[in-house]
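Have a look at the structure below, then the notes.
Remember, it's a predicted structure, so these values are computed and weren't measured experimentally. Naming convention: chains lettered A, B, ... in sequence-line order (proteins, then strands); numbering from 1 in each chain.
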Number of protein chains: 2
Amino acid sequence: MAEPKTIVNPLFLREDDLRQAIELLFFAYRDFTARGDAILARQHFGRAHHRILYFVGRYPGIPVGDLLDILNITKQSLSRVLSQLVREEYVQQKTGTRDRRQRLLYLTDKGKALERELTSEQRMRFAAAYKDAGAVAVEGFRKVMLGIMDAKARKRFLSPFET
Amino acid sequence: MAEPKTIVNPLFLREDDLRQAIELLFFAYRDFTARGDAILARQHFGRAHHRILYFVGRYPGIPVGDLLDILNITKQSLSRVLSQLVREEYVQQKTGTRDRRQRLLYLTDKGKALERELTSEQRMRFAAAYKDAGAVAVEGFRKVMLGIMDAKARKRFLSPFET
DNA sequence: CGCTTATGTCAGTACTATTGACATAATTGA
DNA sequence: TCAATTATGTCAATAGTACTGACATAAGCG
């Protein structure tokens with residue numbers, strides 16, 4: 001049914017190469033997120049909760065608008081999930097001092113604990129994959145991923161975040 | 001706010017390296033799927049429809065059960081989406097000859113056209129990223145992605161599909 | 001013929017995300 | 001100072017994804 005794979009036949013077609021790339025990304029992402037989803041399901045949370053916990057942990061004091069930019073979702077979408085996290089005390093909001101319209105977001109200790117639980121599994125996954133693949137491969141992975149991103153995200157990724 | 005990035009400071013911490021990896025995968029996947037999602041929204045479809053179209057196109061005559069294995073979802077989840085695709089004539093079902101319990105799936109011409117539209121954008125994205133990154137980077141990307149996958153998916157990916 | 005397999009369906013629940021409309025408070029610029 | 005803009009929040013409706021549990025049918029198999 002299936003044609004020979006690249007690894008079997010080095011003289012692959014370009015077409016086959018690109019198809020493989022798509023599938024590599026699909027399967028990797030699927031498995032990368034699966035374990036976290038299971039942990040989140042315990043407290044009736046979903047992947048969106050993890051993303052918020054992650055980026056708030058990454059940029060403590062981030063204003064809501066910046067978080068929206070990073071996640072690329074609407075404020076209405078964010079609102080439901082963020083409200084839950086605030087209500088259940090995973091995230092704390094503080095009024096901005098420089099601009100009092102802003103709500104700056106911070107993880108509580110409870111939030112930090114859950115974030116760590118969720119992300120540590122993913123870090124271990126990458127740590128193992130990086131170790132097996134080696135430094136050259138890591139740099140290659142990095143280059144390809146940056147090439148897949150939209151220019152806007154790539155730019156933000158490569159330059160220090162101005163906040 | 002942000003610490004210096006790896007690219008700025010080669011003496012990065014391991015921790016920072018892993019955090020970057022997570023974000024690379026997140027942003028790349030997000031942008032990789034965004035355009036297809038927009039196309040799908042036109043006909044009231046979602047990402048799940050694309051996945052079915054993709055894998056049915058990839059393995060013409062695939063039985064429902066094999067598709068479930070690849071997608072890692074329940075038959076109830078598949079059913080809703082697959083039924084729609086069959087009803088709207090993107091996918092055709094044929095009773096298996098070897099095992100008449102099986103429903104073998106094929107893309108119709110309409111299905112092939114939509115699949116091509118959706119996947120071609122993703123192929124172009126990878127073609128550009130691969131070209132920019134170079135052959136060594138591509139091999140690195142491949143290694144890291146395989147390392148991120150679960151063992152089961154990796155095994156299936158690396159060995160010819162027996163159908 | 002009884003057990004298992006492949007597939008399908010009904011029902012209920014939960015999570016993610018969108019558009020559109022409207023509201024409030026704070027900042028900013030003319 | 002006042003009008004416009006910005007940051008944030010909320011209500012409501014809609015749509016897509018996915019799960020668990022239960023039940024059903026047809027076909028393969030020993």
Side-chain angles (χ1 to χ4, degrees), chain A residues 26 29-30 33-34 36-54 56 61-88 91-105 118 163, chain B residues 26 29-30 33-34 36-54 56 61-88 91-105 118 163:
Chain A
F26 170 67
Y29 193 80
R30 184 196 63 184
T33 50
D37 289 351
I39 295 172
L40 288 154
R42 286 195 320 230
Q43 38 258 102
H44 292 286
F45 284 169
R47 207 175 286 177
H49 297 83
H50 184 186
R51 292 201 284 256
I52 293 174
L53 291 172
Y54 178 85
V56 172
I62 189 174
V64 171
D66 286 12
L67 187 55
L68 286 174
D69 275 350
I70 289 177
L71 298 176
N72 256 199
I73 57 175
T74 60
K75 63 179 175 178
Q76 294 93 324
S77 298
L78 177 66
S79 170
R80 179 187 49 85
V81 184
L82 181 57
S83 305
Q84 261 180 298
L85 290 171
V86 170
R87 199 180 323 121
E88 300 183 27
V91 170
Q92 193 190 351
Q93 291 177 316
K94 293 183 189 170
T95 298
T97 49
R98 208 186 53 205
D99 182 339
R100 290 167 35 94
R101 289 171 304 179
Q102 293 184 326
R103 296 290 170 273
L104 309 183
L105 306 175
L118 291 166
T163 301
Chain B
F26 170 67
Y29 194 79
R30 185 198 62 182
T33 50
D37 289 350
I39 295 173
L40 287 154
R42 286 197 320 231
Q43 37 257 103
H44 292 285
F45 285 170
R47 208 176 285 178
H49 297 82
H50 185 185
R51 292 202 284 256
I52 294 174
L53 291 172
Y54 179 86
V56 172
I62 189 174
V64 171
D66 286 12
L67 187 55
L68 286 174
D69 276 350
I70 290 177
L71 299 175
N72 255 203
I73 57 175
T74 60
K75 64 179 175 176
Q76 295 93 325
S77 298
L78 177 66
S79 170
R80 180 187 48 87
V81 184
L82 181 56
S83 305
Q84 260 179 298
L85 290 171
V86 170
R87 199 179 325 120
E88 299 182 27
V91 170
Q92 193 189 352
Q93 291 177 315
K94 293 183 188 171
T95 298
T97 49
R98 208 185 54 206
D99 182 339
R100 290 169 33 95
R101 289 171 304 177
Q102 292 184 327
R103 296 290 172 272
L104 309 183
L105 306 174
L118 291 166
T163 301

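- Within the 4.0 Å cut-off from OP1 or OP2 of C:dA6, not a single side-chain nitrogen or oxygen of B:Arg98 is found.
- Atoms CG (B:Leu40) and C1' (C:dA17) sit 15 Å apart, rounded to a whole Å.
- Checking the phosphate oxygens (OP1, OP2) of D:dT17, no side-chain nitrogen or oxygen of B:Ser77 falls inside 4.0 Å.
- A straight line from CG of A:Leu71 to P of C:dT16 spans 12 Å, rounded to a whole angstrom.
- Between the side chain of A:His49 and the backbone N or O of A:Gly46, at least one donor-acceptor pair lies under 3.5 Å.
- Distance from the side chain of A:Lys75 is smallest to C:dC22 among C:dT9, D:dG16, C:dC22.
- Closest-nucleotide positions on DNA chain C for A:Phe45 and A:Leu78 were compared, and the one nearer the 5' end corresponds to A:Phe45.
- Taking 3.5 Å as the limit, the base of C:dT7 and the side chain of B:Arg103 contain no donor-acceptor pair of atoms between them.
- Taking the side chain of A:Arg80 as heavy atoms from C-beta on, and the options C:dT27, C:dC15, D:dT20, the nearest nucleotide is C:dC15.
- Contact of A:Arg101 with D:dT8 (side chain to base): no donor-acceptor pair of N or O atoms is detected under 3.5 Å.
- Where A:His49 and B:Gln102 meet DNA chain C, the nucleotide closest to each residue was compared, and B:Gln102 sits on the side nearer the 5' end.
- One can place CG of B:Leu82 at 16 Å from P of D:dG16, the figure rounded to the nearest angstrom.
- An OP1 or OP2 oxygen of C:dT18 is reached within less than 4.0 angstrom by a side-chain nitrogen or oxygen of A:Thr74.
- Here the side chains of A:Leu105 and A:Ile52 are not in contact, with every heavy-atom distance at 4.5 Å or above.
- The interatomic distance linking A:His44 (NE2) with C:dT13 (P) rounds to 13 Å, in whole Å.
- Nearest nucleotide to the A:Gln93 side chain, out of D:dC23, D:dA26, D:dG9: D:dG9.
- For the pair A:Ile62 CD1 and D:dA7 C1', the interatomic distance rounds to 14 Å; values are reported in whole Å.
- In this entry the distance linking CD1 of A:Ile73 with C1' of D:dT8 reads 14 Å, nearest Å.
- Listed pair B:Arg100 / D:dA27 meets the phosphate criterion, a side-chain N or O lying under 4.0 Å from OP1 or OP2.
- For A:Ser79, no side-chain nitrogen or oxygen approaches OP1 or OP2 of D:dG9 to under 4.0 Å.
- Among the atoms of the strands shown, none is found under 4.0 Å from any heavy atom of B:Asp37.
- Considering all non-hydrogen atoms of both residues, B:Arg30 and A:Asp69 come closest at NH1-O, 4.3 Å.
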### Query
Taking it one step at a time, do A:Gln93 and A:Leu82 satisfy side-chain contact (heavy atoms from CB on, under 4.5 Å)?
CA-CA 10 Å; A:Gln93 291 177 316; A:Leu82 181 57; 4.2 Å; yes

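- Rounded to whole Å, atom C1' of D:dG16 lies 14 Å from atom CD of B:Glu88.
- Side-chain proximity of B:Gln76 to the nucleotides C:dG8, C:dT18, D:dG21 is greatest for D:dG21.
- The shortest distance between side-chain heavy atoms of B:Thr97 and B:Leu104 does not fall below 4.5 Å.
- A heavy-atom distance below 4.5 Å is not found between the side chains of B:Gln102 and B:Thr95.
- The distance from atom CZ of B:Arg42 to atom P of C:dT18 is 19 Å, rounded to the nearest whole Å.
- With D:dA27, C:dG8, C:dA17 as the candidates, the nucleotide lying closest to the side chain of B:Asp99 is D:dA27.
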